[in-house]
Amino acid sequence: MQPIQPAPAVSQPSVVIATSTPATMSAPVPVPITCADTPTVSQLVSKPQTGVVDEDGINLEEIREFAKNFKIRRLSLGLTQTQVGQALTATEGPAYSQSAICRFEKLDITPKSAQKLKPVLEKWLNEAELRNQEGQQNLMEFVGGEPSKKRKRRTSFTPQAIEALNAYFEKNALPTGQEITEIAKELNYDREVVRVWFCNRRQTLKNTSKLNVFQIP
DNA sequence: GGTATGCAAATAAGG
DNA sequence: GCCTTATTTGCATAC
């Protein structure tokens with residue numbers, strides 16, 4: 001079919017934050033170049049100057065408390081993050097992965113996300129504890145439900161597909177609808193998936209070149 | 001084998 | 001419908 005090309009040399013969007021300074025200069029500020037990075041709950045909560053309530057009126061202290069408790073209660077039920085994630089995907093409400101549970105427990109998420117996730121976890125955990133009281137078997141039934149779900153599963157492109165997409169991108173970063181349809185057909189991916197790929201690719205390209213502007217020569 | 005995390009796919013919102 | 005920009009979230013894999 002198609003011989004795999006050596007490498008299009010499309011430099012990966014590695015976020016290089018230039019901190020390497022000539023030995024003499026001692027930088028008092030850690031790393032000020034963060035383009036619009038929304039801070040996580042844990043970052044905010046560990047900052048004494050910010051109160052317990054953030055700009056959007058989210059009670060960070062309450063979330064921190066709940067997250068801590070959630071973990072304790074989850075472990076008491078003998079459940080893993082993976083199990084909780086799977087169970088959440090089964091019950092109604094949004095689906096979440098093990099990563100999401102992990103990030104919530106660590107508060108490695110924005111206050112907004114935490115605020116959204118908290119009631120979902122709260123409700124689920126209460127239900128799980130109730131089931132557990134009725135017997136271990138009951139809990140396991142509750143945990144192991146059917147998949148189904150809202151958010152589209154993340155597509156994993158094959159290395160060959162990425163290579164091909166990058167090749168198209170280098171020729172034309174903004175393909176027309178018709179072109180997208182053809183590329184999708186050619187590579188055998190959903191048209192929408194391909195369209196979003198181009199959007200994301202343009203975005204990362206733009207962001208990385210923005211970052212480069214700040215790099216010390 | 002459970003948890004943490006980097007990268008990037010998917011989504012939200014505004015135009 | 002499609003774009004951009006900002007953000008959320010999950011797969012894959014390192015720890």
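Numbered from 1 within each chain, the chains take letters A, B, ... in sequence-line order. On a predicted model such as this, the values are computed, not experimentally measured, just so you know.
Applying the 4.0 Å criterion to OP1 and OP2 of B:dA9, one finds that A:Trp197 has a side-chain N or O inside that range. Contact annotation: A:Arg201 side-chain N/O to B:dC7 OP1/OP2 distance is not under 4.0 Å. Remark: A:Arg74 is in phosphate contact with B:dT3, judged by side-chain N or O atoms under 4.0 Å from OP1 or OP2.
A:Glu122 is linked by a side-chain hydrogen bond (donor to acceptor under 3.5 Å, both in side chains) to nothing, counting only residues two or more places apart in sequence or in another chain. In this view, A:Glu65 satisfies the salt bridge (charged side-chain N to carboxylate O under 4.0 Å, His left out) rule with no residue, not counting sequence neighbours. Under the rule for a salt bridge (charged side-chain N to carboxylate O under 4.0 Å, His left out), A:Glu182 has no partner lying at least two apart in sequence or in another chain. Residues that satisfy the salt bridge (charged side-chain N to carboxylate O under 4.0 Å, His left out) test with A:Arg191, not counting sequence neighbours, are absent from this structure.
Across B:dT5, C:dC3, B:dA10, the shortest atom-to-atom separation from the side chain of A:Val193 is found for B:dA10. The listed nucleotides are B:dT3, C:dT4, C:dT7; the one nearest the side chain of A:Thr38 is C:dT7. Which of C:dC3, C:dT8, B:dT3 sits closest to the side chain of A:Leu75 comes down to B:dT3.
A salt bridge is defined here as a Lys NZ or Arg NE, NH1 or NH2 lying under 4.0 Å from an Asp or Glu carboxylate O, and A:Lys152 with A:Glu192 fails to meet this definition.
For the helix from B:dG2-C:dC15 to B:dG15-C:dC2, the axis fitted to the five pairs at one end and the axis fitted to the five pairs at the other end meet at an angle of 30° (nearest 10 degrees).
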Restricting to nitrogen or oxygen on both sides, can you table the protein-nucleotides 9-13 of chain C pairs closer than 3.5 Å?
{"residue": "C:dT9", "atom": "OP1", "partner": "A:Lys116", "partner atom": "NZ", "Å": "2.7"}
{"residue": "C:dG10", "atom": "OP1", "partner": "A:Ala95", "partner atom": "O", "Å": "3.1"}
{"residue": "C:dG10", "atom": "OP2", "partner": "A:Ser97", "partner atom": "N", "Å": "3.1"}
{"residue": "C:dG10", "atom": "OP2", "partner": "A:Ser97", "partner atom": "OG", "Å": "3.0"}
{"residue": "C:dG10", "atom": "N7", "partner": "A:Arg103", "partner atom": "NH1", "Å": "3.1"}
{"residue": "C:dG10", "atom": "O6", "partner": "A:Arg103", "partner atom": "NH1", "Å": "3.1"}
{"residue": "C:dG10", "atom": "O6", "partner": "A:Arg103", "partner atom": "NH2", "Å": "3.3"}
{"residue": "C:dG10", "atom": "N2", "partner": "A:Arg154", "partner atom": "NH1", "Å": "2.9"}
{"residue": "C:dG10", "atom": "N2", "partner": "A:Arg154", "partner atom": "NH2", "Å": "3.2"}
{"residue": "C:dG10", "atom": "N3", "partner": "A:Arg154", "partner atom": "NH1", "Å": "3.2"}
{"residue": "C:dC11", "atom": "O3'", "partner": "A:Ser156", "partner atom": "OG", "Å": "3.2"}
{"residue": "C:dC11", "atom": "N4", "partner": "A:Ser99", "partner atom": "OG", "Å": "2.8"}
{"residue": "C:dA12", "atom": "OP1", "partner": "A:Ser156", "partner atom": "OG", "Å": "2.9"}

